[in-house]
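Written out below as C-alpha cells is the structure these notes cover.
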There are 2 protein chains.
Amino acid sequence: MNVHSARELARVHQALAEPNRIRILKMLEIRPLCVCEITAVLQLAASTVSKHLSILREAGFIVDHKDGKWVNYQLNEHPDPKVVGTCFSHLARLLTNDETVLSDAEKVRSVDRHQLCK
Amino acid sequence: MNVHSARELARVHQALAEPNRIRILKMLEIRPLCVCEITAVLQLAASTVSKHLSILREAGFIVDHKDGKWVNYQLNEHPDPKVVGTCFSHLARLLTNDETVLSDAEKVRSVDRHQLCK
DNA sequence: ACTACATTTAGGCAAGTATCGAAATAACCC
DNA sequence: GGGTTATTTCGATACTTGCCTAAATGTAGT
C-alpha cells in the first residue's frame with residue numbers, strides 16, 4: 001500500500017534516521033540474522049538492538065521468524081508501504097564503500113550463533 | 001556526491017522524518033516560497049519554520065536566495081548528495097491524495113507575500 | 001540615521017529517543 | 001520440573017527535537 005499522510009511517510013524515514021538501524025539493514029542484505037548476532041556486530045546492549053529491530057519491523061522494513069530460542073530477522077520481501085521497497089533499492093546501492101558497513105559485513109560472514117551463545 | 005557513511009545517510013532521512021518538513025517540500029514542488037508564506041500555510045511560529053528550512057537546507061534538499069527583505073526557498077535542482085535527488089522523485093509521486101498536502105497546495109496558490117506582510 | 005518588517009538566533013520547556021541494566025518471557029535440554 | 005539461554009519489556013538517565021517567545025540581524029524606504 002502507498003503511504004497516506006505526511007505523518008506516515010515521516011515515520012518510514014524516521015526508521016532510517018539512525019545510523020545503527022541503517023547498519024542493521026545493510027547487514028540483513030547479506031543474510032537473515034538473529035538478535036545476538038546483530039548485537040555481537042554492533043556492540044550494543046541486546047535490549048537496545050531489540051528496540052531498533054522493533055522500530056524497523058513496525059516501519060515495514062523487516063520481518064521476524066521464530067527459530068527455537070532464536071528470532072531471525074530478515075528484510076521484508078513484500079514491503080508495505082511501497083516506499084519501503086524503493087528505500088531498499090537505494091540502500092542496496094549506497095554505502096558500498098563505507099568502512100563501518102564493510103567491516104560489519106565481514107563480521108556477519110564470520111559470526112556464528114552457536115559459537116556466540118554458549 | 002554519494003553519501004559516505006551511515007551517519008550521513010541517517011541525517012538525510014532525519015530531514016524527512018518530520019511531517020511539517022515533508023509538507024514544506026510538497027509546497028516547494030509548486031513554486032519557490034518565502035518564509036512568511038510557508039509560515040502562513042503551516043500556522044507555526046516563523047522561527048520554527050526557519051529552523052525546519054535550515055534542516056532541509058543542510059541536508060541538501062533546498063537552497064535559498066535573498067530577494068530584498070525576503071528569503072526565497074526552492075527545491076535544490078542540483079541535489080547533493082545524490083540520494084536527495086532520488087528522494088525528490090519519490091516524494092513527487094507520494095501523498096498526491098493527502099488532504100493536508102492538497103489543502104496546503106491550494107493555500108500556496110492563493111497566498112501572496114505582499115498581502116501577507118503589511 | 002530611523003523605522004518597519006522579514007528572517008534568524010538564543011533560551012527555555014515539554015515530549016520523544018537511544019542507551020543501559022534488571023526483570024520478565026519464551027523455548028530448549030536434561 | 002528445573003536450569004540455561006535468547007529475546008523482549010520495563011525503568012531510569014542523558015540527550016535530542018519541536019515548539020514557542022523574545023532578542024538580534026539584515027534589508028528597504030523615508
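Just so it is clear: chains get the letters A, B, ... in the order the sequence lines come, proteins before strands, and each one is counted from 1.
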| query | Transitively linked via ILVMFWY side-chain contacts under 4.5 Å: Val71(A) with Val49(A)? | reply | yes
| task | State yes or no: do Leu53(B) and Ile30(B) share one hydrophobic cluster built from I, L, V, M, F, W and Y residues joined by side-chain heavy-atom distances below 4.5 Å, directly or via other members? | result | yes
| query | In whole angstroms, how far is the P atom of dT27(D) from the NE2 atom of His65(B)? | reply | 16 Å
| query | Is Val111(B) reachable from Leu75(B) through a run of I, L, V, M, F, W or Y residues, each pair having side-chain heavy atoms under 4.5 Å apart? | reply | no
| field | Value in whole Å for how far the P atom of dT17(D) lies from CD of Glu58(B) | value | 12 Å
| request: Starting from P on dA12(D), measure out to NZ on Lys51(A) and report it in whole angstrom. | output: 17 Å
| request: Measure from CD1 on Ile55(A) to C1' on dT7(D) and round the result to the nearest Å. | output: 16 Å
| task | Determine, step by step, whether Arg21(A) and Leu16(A) satisfy the side chain to side chain contact (heavy atoms under 4.5 Å, CB included) criterion, reporting the C-alpha distance in whole Å, the side-chain angles of both residues, the deciding distance to 0.1 Å, and the verdict. | result | CA-CA 6 Å; Arg21(A) 288 197 288 270; Leu16(A) 299 182; over 6 Å; no
| Is a side-chain donor or acceptor of Asn76(A) paired with a backbone partner of Val63(A) at a separation under 3.5 angstrom? | no
| message | Is the ring pair His13(B)/His13(A) parallel, tilted or perpendicular, if the boundaries are 30 and 60 degrees? | response | parallel
| query | Rounded to whole angstrom units, what separation is found between the CZ atom of Arg57(A) and the P atom of dT8(D)? | reply | 7 Å
| Would Asp104(B) and Lys26(B) pass as an ion pair if we require N to O under 4.0 Å? | no
| Parallel, tilted or perpendicular for Phe88(B) and Phe61(B), by the 30°/60° rule? | perpendicular
| message | Measuring to OP1 and OP2 of dT17(D), would you say a side-chain N or O of His52(B) lies under 4.0 angstrom away? | response | no
| task | Let me have a per-nucleotide readout for nucleotides 20-30 of chain C, 5' to 3', with B, S or -, counting only protein heavy atoms under 4.0 Å. | result | BBB---SSS--
| Whole-Å distance between dT27(D) P and Asp64(B) CG? | 12 Å
| request: Provide, to the nearest angstrom, the distance between the NE2 atom belonging to His114(B) and the P atom belonging to dA28(D). | output: 12 Å
| Positions of residues 5-20 of chain A (non-hydrogen atom under 4.0 Å from DNA chain D), listed by number | none
| request: Starting from P on dT17(C), measure out to CG on Leu56(A) and report it in whole angstrom. | output: 14 Å
| said: I want to check one thing: is the phosphate of dT5(D), taken as OP1 and OP2, less than 4.0 Å away from some side-chain N or O of Arg113(A)? | reply: no
| Glu37(B)/Arg31(B) ion pair, N-O < 4.0 Å | yes
